[in-house]
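Following: one structure in structure tokens, then a few remarks.
Remember, it's a predicted structure, so these values are computed and weren't measured experimentally. For the numbers below, each heavy atom of this structure counts, side chains included, while hydrogens, waters and symmetry mates do not. Letters A, B, ... mirror the listed sequences (proteins, then strands); counts begin at 1.
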2 protein chains.
Amino acid sequence: MPEAIDAIDRRILRALQRNGRMSNVELANEVGLSPSPCLRRVRLLEESGVIDQYVAVLNGPRIGLGLTVFVRVWFKTQDAEITQQFAETVRKFPEVVECYLTTGECDAIMRVVTADLHAYWRFQADHLTRIPSVQSVKTDVPMETIKRSYELPLL
Amino acid sequence: MPEAIDAIDRRILRALQRNGRMSNVELANEVGLSPSPCLRRVRLLEESGVIDQYVAVLNGPRIGLGLTVFVRVWFKTQDAEITQQFAETVRKFPEVVECYLTTGECDAIMRVVTADLHAYWRFQADHLTRIPSVQSVKTDVPMETIKRSYELPLL
DNA sequence: GATGAAAGCTTGTCCTA
DNA sequence: TAGGACAAGCTTTCATC
């Protein structure tokens, strides 16, 4: 199933990372193929899981979601059951758009999106720190964006 | 320019966050409009900047980019010029897919994507810590994904 | 990988509520 | 002010080379 990805596939992926809605005809021109083989390659990339999904990226501030907070979480214990319970709870919070278990200093990291600091604070006080497995949290609040890209650094 | 977003717009946004490549006909069915007014709304959402862009999300591990690292950065000084220089350098590194200036404990946070720990280490030793403004860094390495969503929590 | 043809989609115009 | 119908021109997609 993992057929090799060649130079043309990489051009397809680069183009679709920048504009996931470009037409197949436009894409074919850009990568130097005719539409049929281009579409065949795109479908293969989708079916083999190289392309995970296509998404519209929304402008948070324009829809009243102006704040992103990175949260580091420490658990009471690293116990598998506790961790499982944490995972299940966190998946249900729409504000938590990403969450990972980590090894090292803290036990989990997450990205939380809310309207503003006040809304974040309510989320933290009312939901996050009430999860029984959570011992403590620390937050880092982005004040200015230097870079935000949805393109993976293809070789 | 900020015309109000109504319930139908929110349905459109929800659908396009999940599948940014769905056809307008399919979208129109899903939100309960005929294709013309649906397309008109989508174009307005694009032009007004509510929809920022459409992207294909790739599966990192499937293309040899298996590691994401969250990096906290401390500067030597918070001087505007130093910060500017840091921003310009960081924007040029394709491994750095996100970077924000923060207030609080550290000075910047970034997300770095590489093939593996070894490649990350090379990036840190050869590039990141050689930026003159960087005093020190700390990393958090996700070991397991609990949640990763590209959907903002629309009300 | 290219061609060509059928089916379906996008998108503009005009009409209606 | 906003949705719907319709038609022209493109795109997608598949069989065939």
Point to revise | Residue pairs passing the salt bridge (Lys or Arg N to Asp or Glu O under 4.0 Å) test where at least one lies in residues 63-86 of chain A, sequence neighbours excluded | key: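 Qualifying pairs, neighbours excluded: A:R72-A:E105, A:R72-A:D140, A:R72-B:E105.
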Practice item. May I have all residue pairs that pass salt bridge (Lys or Arg N to Asp or Glu O under 4.0 Å) and include part of residues 47-56 of chain B, sequence neighbours excluded? Key: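 For residues 47-56 of chain B: none.
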Using ring-ring contact (aromatic ring centres under 6.0 Å, His included) as the criterion, list what pairs up with [X], not counting sequence neighbours.
X	answer
A:Y100	B:F70
A:F75	A:F86
A:Y150	none

Practice item. Please write out which residues are connected to B:L16 in a hydrophobic cluster, directly or through intermediates, given that two of Ile, Leu, Val, Met, Phe, Trp, Tyr count as joined at side-chain heavy-atom separations below 4.5 angstrom. Key: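 Other cluster members: A:L58, A:I63, A:L65, A:V97, A:V113, B:I5, B:I8, B:I12, B:L13, B:M22, B:L27, B:V31, B:L33, B:V42, B:L45, B:V50, B:I51, B:Y54, B:L152, B:L154.
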Review point. Tell me the ring pair (Phe, Tyr, Trp, His ring centres under 6.0 Å) pairs involving residues 122-142 of chain A, sequence neighbours left out?
Key: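 Listed once each, the pairs are A:F93-A:F123, A:F93-A:H127.
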Review point. What string of B, S and - do you get for nucleotides 4-11 of chain D 5' to 3' if you count protein non-hydrogen atoms under 4.0 Å?
Key: BBB----S
Review point. Whole Å only: how far is the CD1 atom of B:I12 from the C1' atom of D:dA2?
Key: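 In whole Å, D:dA2 C1' and B:I12 CD1 are 12 Å from each other.
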Check your understanding: What is the distance from CG of B:L44 to P of D:dT1, rounded to the nearest Å?
Key ->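 Whole-Å distance recorded here is 12 Å.
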Exercise for review: Apply side-chain hydrogen bond (donor to acceptor under 3.5 Å, both in side chains) to B:Q78 and list each qualifying residue two or more places apart in sequence or on a separate chain.
Suggested key: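 Applying side-chain hydrogen bond (donor to acceptor under 3.5 Å, both in side chains) to B:Q78 gives B:D107.
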Practice item. Can you sort out the partners of A:E26 under side-chain hydrogen bond (donor to acceptor under 3.5 Å, both in side chains), two or more places apart, ordered by chain and number? Key: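 Partners of A:E26 under the side-chain hydrogen bond (donor to acceptor under 3.5 Å, both in side chains) test: none.
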Check your understanding: Are any of B:R41's side-chain N or O atoms less than 4.0 Å away from OP1 or OP2 of D:dG3?
Key ->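 So the side chain of B:R41 is within the cut-off, an N or O lying under 4.0 Å from OP1 or OP2 of D:dG3.
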Review point. Is any NZ, NE, NH1 or NH2 atom of the basic residue among B:K147 and A:E88 found under 4.0 Å from an Asp or Glu carboxylate oxygen of the other?
Key: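 No, no charged N to carboxylate O under 4.0 Å.
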Review point. Using 4.0 Å as the upper bound for N to carboxylate O, is an ion pair formed by B:R18 and B:E151?
Key: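 So B:E151 pairs with B:R18 through a salt bridge.
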Exercise for review: Using heavy atoms to find the nearest nucleotide of DNA chain C for A:I8 and B:E26 separately, return the residue whose nucleotide is more 5′.
Suggested key: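 Going by which nucleotide is closer to the 5' end, it is A:I8.
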Review point. Quick one: how far along DNA chain C does chain B reach, first to last nucleotide 5' to 3', anything under 4.0 Å to a heavy atom?
Key: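 Both ends considered, the range comes out as C:dC9 to C:dG12.
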**Study point:** Residue mapping more 5' on DNA chain D - nearest nucleotide basis, B:D6 or B:R21
**Key:**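 Nearest nucleotide further toward 5': that of B:D6.
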Practice item. Represent DNA chain C in dot-bracket notation, 5' to 3'. Only Watson-Crick or G-U wobble pairs with both distances under 3.5 Å count; pseudoknot-style crossings use [ ] and interstrand partners use |. Key: |||||||||||||||||
